[in-house]
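Note that the structure is a prediction, hence the values are computed from the model and not measured. Order of the sequence lines fixes the chain letters, A, B, ..., with proteins taken first and strands second; residue numbering starts at 1 for each chain.
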2 protein chains.
Amino acid sequence: MGATKTEIFNPTQNELASVAKVLAHPARVAILQYISKQEGCICNDLVDVIGLSQPTISQHLNEIKKIGLLKGTFEGKNLCYCIHKEKWAELQQLFHAFFTTINQNCC
Amino acid sequence: MGATKTEIFNPTQNELASVAKVLAHPARVAILQYISKQEGCICNDLVDVIGLSQPTISQHLNEIKKIGLLKGTFEGKNLCYCIHKEKWAELQQLFHAFFTTINQNCC
DNA sequence: ACATATCATCGTAATATTGCAATATTACTT
DNA sequence: AAGTAATATTGCAATATTACGATGATATGT
């Protein structure tokens, strides 16, 4: 037991859940908000801004990357990245669709 | 270690994260979708519909309840509940605000 | 009252997530 | 080539989540 039974749900349900999981940590919300406030790409000050250790920030960034929400160059010194506009719009639409198809015809 | 450091984030970040956490499981997404498809309140067939055990469904329902998304009577036989419209609209707005305040001025 | 149906709670096992120290890697600089 | 700065990876401990069997509580039907 203990593991989520993804196989009994449909792809839409699983996708929505896995995107929600990325947003389900305040550090990742904060990271996305901070990146979006910058004028251009963000380069290195996340560790100071967020207040978590460098490995922890790196892990959170990786979770965000895995669903395709960040783009940029991920090699070498001065890694620079920003929000992937198209993917962002796609996920916004996914959530919007979920919220609006739920009709609350009751009580 | 191991626990999320909620104290270093602001209330908005924490609230968004905790709502996302509720949506971060396909069973809870499926439950919300199923309830919304019904004409009125839902009464008892969730266990058969979702395909998880009764205690597990009960736990998931509790997670959804905790953020105020369900209303109805929660005790005794033939428990009946449905989606709390006002809360639903509030959370929709919360996510909408998050998605739109993120401006992607880069790359 | 008794059985039955429905939902909640408890206890527990399995798995996942969070966070950091230590270390490794990578690329730039001198 | 050696040093340095930035990011990634590894390994581990602490905590959280997921799932279910067993049991408990409450309401309805006979």
Side-chain angles (χ1 to χ4, degrees), chain A residues 1-9 13-14 17-32 34-35 38 41-67 70-82, chain B residues 1-9 13-14 17-32 34-35 38 41-67 70-82:
Chain A
M1 317 155 202
T4 298
K5 290 186 160 183
T6 45
E7 70 278 7
I8 69 173
F9 302 103
Q13 290 162 345
N14 283 316
S18 61
V19 173
K21 195 177 278 189
V22 172
L23 303 180
H25 195 292
R28 294 191 287 262
V29 172
I31 287 172
L32 286 167
Y34 180 74
I35 294 180
Q38 304 311 109
C41 286
I42 184 186
C43 284
N44 54 26
D45 44 1
L46 268 181
V47 173
D48 297 327
V49 172
I50 305 293
L52 292 170
S53 74
Q54 181 268 324
T56 305
I57 294 290
S58 187
Q59 276 183 108
H60 282 307
L61 279 171
N62 207 257
E63 294 299 311
I64 303 175
K65 271 187 247 167
K66 277 198 286 191
I67 58 166
L70 293 180
K71 74 175 175 183
T73 49
F74 296 108
E75 295 136 78
K77 192 182 162 185
N78 275 1
L79 157 61
C80 290
Y81 42 77
C82 52
Chain B
M1 320 158 202
T4 297
K5 290 187 159 183
T6 44
E7 70 279 8
I8 68 173
F9 302 104
Q13 291 162 346
N14 282 317
S18 62
V19 173
K21 195 176 278 189
V22 172
L23 303 180
H25 196 291
R28 294 191 288 263
V29 172
I31 287 171
L32 287 167
Y34 180 74
I35 294 179
Q38 304 311 109
C41 286
I42 185 186
C43 285
N44 55 26
D45 43 3
L46 267 183
V47 173
D48 297 327
V49 172
I50 304 292
L52 291 170
S53 75
Q54 181 268 322
T56 304
I57 294 290
S58 188
Q59 274 185 109
H60 282 307
L61 279 171
N62 207 258
E63 295 299 311
I64 304 175
K65 269 186 250 166
K66 277 198 286 191
I67 58 166
L70 294 180
K71 74 174 176 183
T73 49
F74 299 108
E75 293 135 83
K77 190 183 163 184
N78 277 1
L79 154 62
C80 289
Y81 44 80
C82 53

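- By the side chain to side chain contact (heavy atoms under 4.5 Å, CB included) test, B/Ser58 pairs with B/Gln54, sequence neighbours left out.
- Partners of A/Lys5 according to the salt bridge (charged side-chain N to carboxylate O under 4.0 Å, His left out) rule, which considers only residues two or more places apart in sequence or in another chain, do not exist here.
- Under the 4.5 Å side-chain criterion, counting only non-hydrogen atoms from C-beta, A/Leu23 is not in contact with B/Leu23.
- Phosphate proximity of C/dT15 to A/Lys5: absent, as no side-chain N or O sits under 4.0 Å from OP1 or OP2.
- Nearest heavy atoms, A/Ala30 versus A/Ile50: CB-CD1, 3.8 Å.
- Contacts between residues 23-30 of chain B and DNA chain D, defined by a heavy-atom separation below 4.0 Å, involve B/His25, B/Arg28, listed by number.
- Pairs engaging residues 21-32 of chain B under the salt bridge (Lys or Arg N to Asp or Glu O under 4.0 Å) rule: none recorded [sequence neighbours left out].
- No side-chain heavy atom of A/Asn14 sits less than 4.5 Å from a side-chain heavy atom of A/Thr4.
- Side-chain contact between A/Leu46 and A/His60 is absent, with no heavy-atom pair separated by less than 4.5 Å.
- For A/Ile67 against A/Val19, the heavy-atom pair with the smallest separation is CD1-CG1, 4.3 Å.
- The C1' atoms of five pairs define one axis at each end of the helix from C/dA1-D/dT30 to C/dT30-D/dA1, and these two axes lie 20° apart (to 10°).
- Aromatic ring pairs are classed by plane angle as parallel below 30°, tilted from 30° to 60° and perpendicular above 60°; the pair B/His25 and A/Phe9 is perpendicular.
- Residues A/Thr4 and B/Thr4 both approach DNA chain D. Their nearest nucleotides, taken by heavy-atom distance, put B/Thr4 toward the 5′ side.
- Here the closest non-hydrogen pair linking A/Ala24 and B/Ala24 is CB-CB, 4.4 Å.
- For B/Lys21, a side-chain nitrogen or oxygen approaches OP1 or OP2 of D/dT17 to under 4.0 Å.
- Of the residues in residues 50-62 of chain A, those lying under 4.0 Å from DNA chain C by heavy-atom distance are A/Leu52, A/Ser53, A/Pro55, A/Thr56, A/Gln59, A/His60.
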